[in-house]
Protein chains: 2
Amino acid sequence: MYAGLDERGAQVLRHVVENYIETAEPVGSRTISKKMGQNLSPATIRNIMADLEDMGYLAQPHTSAGRVPTGTGFRYYVDYLLELRKLARPERDQLQKMAGDAAFSSEELLRQVSRLVSTLSGQACVVVLTRLSSQPLRSLSLVPAGSGRILLVAVTQAGWVEHRLIEGEGGLSGDEMQKINNYLGELASGISLQQLRVKILHEMKREKARYDRLMRRALQMGARALEEGSPTEVYVEGRANILEQPEFAEDVQKLKRILRAFEEKSVIVRLLDRALEDGAIQVSIGSENPVEGLPDISVVASGYRQGDSRVGSIGLIGPVRMDYSRVIPLVEYSAKLISSVLGHR
Amino acid sequence: MYAGLDERGAQVLRHVVENYIETAEPVGSRTISKKMGQNLSPATIRNIMADLEDMGYLAQPHTSAGRVPTGTGFRYYVDYLLELRKLARPERDQLQKMAGDAAFSSEELLRQVSRLVSTLSGQACVVVLTRLSSQPLRSLSLVPAGSGRILLVAVTQAGWVEHRLIEGEGGLSGDEMQKINNYLGELASGISLQQLRVKILHEMKREKARYDRLMRRALQMGARALEEGSPTEVYVEGRANILEQPEFAEDVQKLKRILRAFEEKSVIVRLLDRALEDGAIQVSIGSENPVEGLPDISVVASGYRQGDSRVGSIGLIGPVRMDYSRVIPLVEYSAKLISSVLGHR
DNA sequence: AATTAGCACTCAAAAGCTTCGAGTGCTAAG
DNA sequence: CTTAGCACTCGAAGCTTTTGAGTGCTAATT
């Protein structure tokens, strides 16, 4: 259990971390002594704290101040000391109520969950949705879009819709369109856009000299539409919560860096990447997070599934001093919720 | 020309405003005297400034400080004194280059323009796109979306794509779908979604006892899909630029209010509403803007057209102390640019 | 041997004080 | 009407003092 620490040291560390999470101020020995029920005098606590500091779990901002947990300290806390609180009833109810609202499209659902989770946690909440193009399709259709254009509409089995405009085509009768549709739809059924792309290219080679002008054209169009990969969808809600954190409100420089980061989709995606790969909830504390230059933020994230493929992740972004015991269950539950709602679609 | 002010007063006001825009500091009489080429001594300038203060154009943060323009001062400046600088060549080139890139979808174009304009201006840039549902359609199609669902895809003549999922339908053969498509497409051609809705309801009444089950169903579906109005699209870029403004970096309270406002689509839409209605560029200074509770920001916005209907607007949101002479031409040009690019689609 | 009372010490933050200087308004002379 | 001159104002910046939370160490206690 308490790897590398004895019971007492671990308890002191726990109290320091929890107190610091609550107050955002350095924690002194008196406070801990009181919290632990006067069994140990402040002097004793001081000795223990000094030890913890030697071991790298605590640090002093300056000589005459209390202690603050280091990154390592938080890590230890999360790994060994954390008692996950159960997700409070009202919060669970709110989430479930929202999830039950079938009126939301899948996209809208993600945005709403993100928004609610950000409010509940008081942090910024991010939901990413990736690899649309790797999901199996439910249907693929061409739609006339007037003056030399055709719209390719793909609906995945999970209910995501994606469309791409194809330039410089058109001049197809409704009948021809219908034929192409049937042909492409057959080709696409059950496979992903990525796979479809490969399949189409293959098909084009095989039937190079194919007599049917229409089908050849269909293949060409398909290939063209699938050229670039589909973009990753990112929903960020509750950015402004970052301002509520005292550690950032003071230091405008940090604030700037963080808010700038939020403007770059790619940075956000990188922050949540780990959670996508792995099933379990991921906690990146401070400089552990995958983005250089943001050593002051923690990320608590979890992937969610659609059926049995991981298609995205939901995460909270906030200061290292996050209330992990509350926030981890929240993110875990939300990820499961999303998975289950998407599963039914 | 100089309504209510003599030439000299107007020039002094102009210099105060311009200096203040540049430095964000109260402006003193010495500075103005130098700027105006020593024709007038600081003492004279002081007299003039005192007059301007009486008239409400200037204010003193405290007795021994220089003057700061009031909202009214800025208003006068914008209305009578502003010399619009021509949009700098390189900026125009950048914008035009981007607009020429046909690879962007219309949505992507708006986002990219917003991003570039925010960089060029150093302010937050917002592009809103409304009333999709009032644009004439180019095509309307139903697409199978599997397990009891059908996707309605509408493409407007401007090239915007909108889709809505219809629940609890399906079980239609490709052939039936095709028939419905033809019917609805015919019904929809050239009119807007809004109008279509009315038309459909009308049609439903007229043909209440219509023998054709399929067509009746088509009408029902159409009516259902069009129930809620289409959402307004909002692209915000360069939020973090707000932090660059000294007036906000200091006052965290203001900062919070502004960034919170950015999280509410509806607030942003309200800020740019005026520009949508009116063709000309709109400048809302400080408390002139339509949102209560944000008296410290100015909005410079202009609507853009698609063909001959106004479909959206682009605007900058920043401190009252904006460089209007640079920023107004930028917004004007961008709006025209968007109009012209959309016009060609 | 572990704990703790006691005490000297440290140091940031807050409060108080002084200085500085940009800028003003007013007056009287040009 | 303009302007030189001057007394005056007041925030910002710098300095000093006070305060108090917190420490580390030592010696007494359990």
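Below, chain A is the first sequence line, B the second, and so on; all start at residue 1. Computed from heavy atoms alone, side chains included, the values below leave out hydrogens, waters and symmetry copies.
- Residues passing the side-chain hydrogen bond (donor to acceptor under 3.5 Å, both in side chains) test with Thr31(A), sequence neighbours excluded: none.
- Residues satisfying the side chain to side chain contact (heavy atoms under 4.5 Å, CB included) test with Glu7(A), not counting sequence neighbours, are Tyr2(A), Gln11(A).
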In B/S/- notation (B base, S sugar-phosphate only, - none; protein heavy atoms under 4.0 Å), nucleotides 10-17 of chain C written 5' to 3' is BBS-----
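- Rounded to an integer number of Å, the gap from CD1 of Ile48(B) to C1' of dG23(C) is 16 Å.
- One interatomic measurement links the two molecules: CG of Leu58(B) to C1' of dG23(C), which rounds to 14 Å at whole-angstrom precision.
- Glu263(B) meets the salt bridge (Lys or Arg N to Asp or Glu O under 4.0 Å) test with no other residue; sequence neighbours excluded.
- Per the geometry, CD belonging to Gln60(B) stands 12 Å off C1' belonging to dA22(C), to the nearest Å.
- Rounded to a whole Å, the CZ atom of Arg67(B) is 14 Å from the P atom of dC10(D).
- For residues 251-262 of chain B, the side chain to side chain donor-acceptor pair (under 3.5 Å) pairs, not counting sequence neighbours, are Asn241(A)-Arg260(B), Glu244(A)-Lys256(B), Glu244(A)-Arg260(B).
- Proximity of residues 14-29 of chain A to DNA chain D (heavy atom under 4.0 angstrom from any strand atom) is restricted to Gly28(A), Ser29(A).
- With sequence neighbours left out, the salt bridge (Lys or Arg N to Asp or Glu O under 4.0 Å) criterion links Glu91(A) to Arg326(A).
- Looking only at distances, no side-chain donor or acceptor of Ser33(B) sits under 3.5 Å from a matching main-chain atom of Ser29(B).
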Using a 4.0 Å heavy-atom cut-off, write out nucleotides 1-7 of chain D from 5' to 3' as B (base contacted by protein), S (sugar-phosphate only) or - (no contact).
-SBBB--
Exercise answer: donor-acceptor pairs, residues 287-296 of chain A side-chain atoms, under 3.5 Å, sequence neighbours excluded:
unit_1	atom_1	unit_2	atom_2	d
Glu288(A)	OE1	Arg75(A)	NH1	2.6
Glu288(A)	OE1	Ile285(A)	N	2.9
Glu288(A)	OE2	Arg75(A)	NH1	3.2
Asn289(A)	OD1	Val291(A)	N	2.7
Asn289(A)	ND2	Gly286(A)	O	3.0
Asn289(A)	ND2	Leu294(A)	O	2.8
Asn289(A)	ND2	Ile297(A)	O	3.3

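- Applying the salt bridge (Lys or Arg N to Asp or Glu O under 4.0 Å) test to Arg46(B) and every residue at least two apart in sequence or in another chain returns nothing.
- Checked against side-chain hydrogen bond (donor to acceptor under 3.5 Å, both in side chains), Glu264(A) has the following partners two or more places apart in sequence or in another chain: Arg115(B).
- Residue pairs meeting the side chain to side chain donor-acceptor pair (under 3.5 Å) criterion with at least one partner in residues 313-325 of chain A, sequence neighbours excluded, are Arg85(A)-Ser325(A), Gln245(A)-Arg321(A), Glu247(A)-Arg321(A), Ser298(A)-Tyr324(A), Asp323(A)-Ser325(A).
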